Amino acid sequence: MIEDYKVLQITERREIRYQVLNHINDILHSMGHDINEYELIPETIWPSTAAREANEIHFERSIIVSEDDILLHRKLNKNQLIAYNLITKRIFSNKAGSFFIDGPGGTGKTFLYRALLATVRSMGYIALATTTSSVAASIFLGGRTTHSRFKIPIEIDENTSCNISKESSLAGLIRDAKLIVWDEVSMAKRRMLNVFDLLLKDLMNTNALFGGKVIVLGGDFRQTLPVVRYGKKKISLAKVCYILAFGMNLKN
């Protein structure tokens with residue numbers, strides 16, 4: 001393999017060796033292994049971005065839903081069942097739909113998401129579970145932050161876009177998704193939703209809202225900080241806690 005890499009015009013044999021080991025590591029990584037297990041060199045060899053992405057997508061496409069999760073829809077209350085039936089009807093009729101699930105903490109939003117995800121996945125379809133925060137993402141099987149799943153930069157402005165090639169395997173995964181859930185969207189910036197919308201329109205090659213996909217957004221605006229007109233962007237954590245406790249005006 002070293003002879004094959006000489007065509008890259010790399011003069012140093014050490015660098016060629018690293019290129020070969022990286023290539024082997026990508027192959028092993030796709031099989032769930034790591035070249036560092038064999039201790040061939042003292043340095044750690046990291047898989048490429050493409051290899052990590054391929055491994056993540058393989059996991060997403062091979063999620064196994066437990067019997068308990070498949071039966072979750074039978075335990076929904078009246079209001080949850082109304083939302084569940086409406087959303088699943090859109091999914092399995094191949095129609096677009098954008099929904100927002102609102103409710104205070106503890107009212108069963110997460111339970112509804114889990115029932116929807118389990119139903120779609122149990123039928124062999126792709127369902128993507130995302131949240132604004134990493135803590136909430138850990139609740140869902142295959143859960144990821146929206147920044148991570150859709151490559152939305154942390155710092156965004158009017159010119160920001162998602163770093164996803166239309167030919168990439170991740171783009172194919174998003175196109176194949178029957179359902180996308182985004183929890184805690186009430187804590188995200190408005191621009192994040194705009195960037196997300198533009199990404200789906202680009203990948204699906206349509207001007208329909210969210211690319212014509214079924215999107216379930218959820219959150220609780222009661223848990224967000226108050227918006228203060230002309231307030232400063234930067235504020236200390238101590239002051240945030242004081243505001244939440246005593247309702248202090250940000251301008252003071």
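Please read all numbers here as calculations on a predicted model, not as lab measurements.
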>> Could you check whether any side-chain heavy atom of Lys178 comes within less than 4.5 Å of a side-chain heavy atom of Val214, counting everything from C-beta outward?
In response: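 No; the side chains remain at least 4.5 Å from each other.
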> Do Leu170 and Arg149 touch side chain to side chain, with heavy atoms closer than 4.5 Å?
Replying inline: yes
Within a radius of less than 6.0 Å around [atom1] of [X], do more than 12 heavy atoms belonging to other residues, nucleotides or ligands occur?
X: Lys95; atom1: NZ; value: no
X: Arg190; atom1: CZ; value: no
X: Asn163; atom1: CG; value: no
X: Tyr125; atom1: OH; value: no

Anything under 3.5 Å between a donor and an acceptor, one on a side chain of residues 180-187, the other on a protein residue two or more places apart or in another chain? List them.
from   : atom 1 : to     : atom 2 : distance (Å)
Trp182 : NE1    : Thr132 : OG1    : 3.0
Trp182 : NE1    : Thr146 : OG1    : 3.1
Asp183 : OD1    : Tyr113 : OH     : 3.4
Glu184 : OE1    : Ser133 : OG     : 2.7
Ser186 : OG     : Asp220 : N      : 3.2

> Which pairs, with at least one residue in residues 196-207 and sequence neighbours excluded, count as a side-chain hydrogen bond (donor to acceptor under 3.5 Å, both in side chains)?
Replying inline: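 Every pair satisfying side-chain hydrogen bond (donor to acceptor under 3.5 Å, both in side chains) with a residue in residues 196-207: Asp197-Lys201.
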Out of curiosity, [X] [atom1] to [Y] [atom2], how far, rounded to the nearest 0.5 Å?
X: Ser138; Y: Arg144; atom1: OG; atom2: CZ; answer: 13.0 Å
X: Leu209; Y: Ile215; atom1: CG; atom2: CD1; answer: 8.5 Å
X: Leu72; Y: Ile70; atom1: CG; atom2: CD1; answer: 9.5 Å

>> Centre-to-centre under 6.0 Å for Phe100 and Phe221, is that the case here?
In response: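 Between Phe221 and Phe100, which both carry aromatic rings, the centre distance is below 6.0 Å.
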> Of the non-hydrogen atoms in Val195 and Thr160, which two are nearest, and what is the gap between them?
Replying inline: CG2-O, 3.7 Å
> Looking only at heavy atoms, which two atoms of Ile174 and Lys213 are closest? And how far apart?
Replying inline: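 So the minimum-distance heavy-atom pair works out to O-CE, 3.2 Å.
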>> Can you list everything that forms a salt bridge (Lys or Arg N to Asp or Glu O under 4.0 Å) with Arg114? Sequence neighbours excluded, please.
In response: Asp69
